[in-house]
Amino acid sequence: MSALASLMWRDLRLALRQSGDVLLAVLFFILGAALFPFAVGPEPNLLLRLGPGLIWVMALLSVLLSLDRLFAPDHEDGTLDLLLLAPVPLEGIVLARILAHWLASGGPLILATPLLAIFFGVPAHALPVLLGSLLLGTLALSALGALGAALTLGARRAGVLVPLLVLPLYIPVLIFGAGAVDAVLTGLAARPHLLLLAAVLLLSLPLAALAGAAALRQAAE
């Protein structure tokens, strides 16, 4: 366990060293969402109706931007071969990498979300649900993204293949995440949506660990 925690801390430090990438993803998240009012108009009720869905779409696209850093650098410099020889399960290494990726990508997006919530006029009582849905959902996005990044590792045009592979898998996360906030705004309970989002997360983590580890072994051969 300590070895996996050390590995996760190492991955997180490497990600934070490239703080420019983290900042770019957050700026893309904020500026991308801020463009929509110029297209649909500044009417407050319309912005509130569209806001949660737009925030979720931009969070999804921002996470997508960083997936190419999950395994490709280790594959290129030979670190992946050393990880395969390490006395820890490769599935655990994949999980540690997913958590480090989420802390470096999903975490900053969640911190920036209140700013966009104010921008779109999301009421205060809906903000905890929006943040909670992003907390669960962005971790699921990192897990499913890790699966796609592992499956396409070493492939030609992997940067194009990863989005094509993971975007269909992201659809349930997007539906349940945005649906939870919409439910609160319309006076309904958000709990069913959050429970379904948690179920997607609980399924995606072991799936990504098992299938991702198998894909990494295949890529290293």
Side-chain angles (χ1 to χ4, degrees), residues 4 8 11 25 29 32-33 50-71 89-113 116-117 122 126-153 161-186 188-216:
L4 293 178
M8 188 181 73
D11 293 339
F29 175 60
L50 297 178
L54 294 177
I55 291 172
W56 255 99
V57 168
M58 290 310 303
L60 183 153
L61 295 176
S62 299
V63 170
L64 202 61
L65 284 178
S66 58
L67 293 182
D68 62 337
R69 301 197 307 269
L70 266 167
F71 301 113
L90 188 56
E91 290 79 4
I93 293 175
V94 174
L95 279 178
R97 183 62 55 87
I98 290 170
L99 291 175
H101 176 267
W102 176 73
L103 288 171
S105 62
L109 297 184
I110 293 172
L111 292 176
T113 295
L116 288 181
V122 177
L127 184 58
V129 174
L130 175 59
L131 295 177
S133 65
L134 284 171
L135 186 68
L136 295 170
T138 50
L139 184 52
L141 295 180
S142 290
L144 295 171
L147 174 60
L151 289 174
T152 58
L153 189 63
L161 289 176
V162 172
L164 293 177
L165 186 62
V166 301
L167 280 177
L169 302 177
Y170 279 179
I171 292 175
V173 180
L174 182 64
I175 291 174
F176 299 139
V181 187
D182 278 340
V184 173
L185 294 177
T186 54
L188 300 175
R191 190 167 181 267
H193 299 276
L194 294 176
L195 289 176
L196 288 169
L197 199 56
V200 172
L201 172 61
L202 292 177
L203 286 173
S204 61
L205 281 175
L207 173 65
L210 295 173
L216 291 181

Can you name the nearest heavy-atom pair linking [X] to [Y], along with the distance?
| X | Y | answer |
| --- | --- | --- |
| V94 | A213 | CG2-N, 3.9 Å |
| H101 | S142 | ND1-OG, 2.9 Å |
| P163 | L64 | CB-CD2, 4.0 Å |
| S66 | S105 | OG-CB, 3.9 Å |
| A126 | V122 | CB-CG1, 3.9 Å |
| A146 | I98 | CB-CG1, 3.6 Å |

Measuring only between side-chain heavy atoms, which start at C-beta, is [X] closer than 4.5 Å to [Y]?
| X | Y | value |
| --- | --- | --- |
| F29 | I55 | yes |
| M8 | L95 | no |
| L147 | V166 | no |
| V181 | H193 | no |
| V173 | L60 | no |

side-chain contact (heavy atoms from CB on, under 4.5 Å) between L109 and V63, intermediate numbers included:
CA-CA 9 Å; L109 297 184; V63 170; 4.0 Å; yes

Determine, stepwise, if the pair V200 / L203 fulfils side-chain contact (heavy atoms from CB on, under 4.5 Å).
CA-CA 5 Å; V200 172; L203 286 173; 5.9 Å; no

Pair up each side-chain donor or acceptor in residues 130-141 with any protein partner under 3.5 Å, not counting sequence neighbours, and list the distances.
{"residue": "S133", "atom": "OG", "partner": "W56", "partner atom": "NE1", "Å": "3.3"}
{"residue": "S133", "atom": "OG", "partner": "V129", "partner atom": "O", "Å": "3.2"}
{"residue": "S133", "atom": "OG", "partner": "L130", "partner atom": "O", "Å": "2.8"}
{"residue": "T138", "atom": "OG1", "partner": "W102", "partner atom": "NE1", "Å": "2.8"}
{"residue": "T138", "atom": "OG1", "partner": "L134", "partner atom": "O", "Å": "2.5"}

Can you measure from [atom1] ([X]) to [atom2] ([Y]) and round to the nearest 0.5 angstrom?
| X | Y | atom1 | atom2 | answer |
| --- | --- | --- | --- | --- |
| I171 | L144 | CD1 | CG | 11.5 Å |
| L50 | D182 | CG | CG | 9.5 Å |
| L205 | L99 | CG | CG | 7.0 Å |
| L161 | L153 | CG | CG | 12.0 Å |

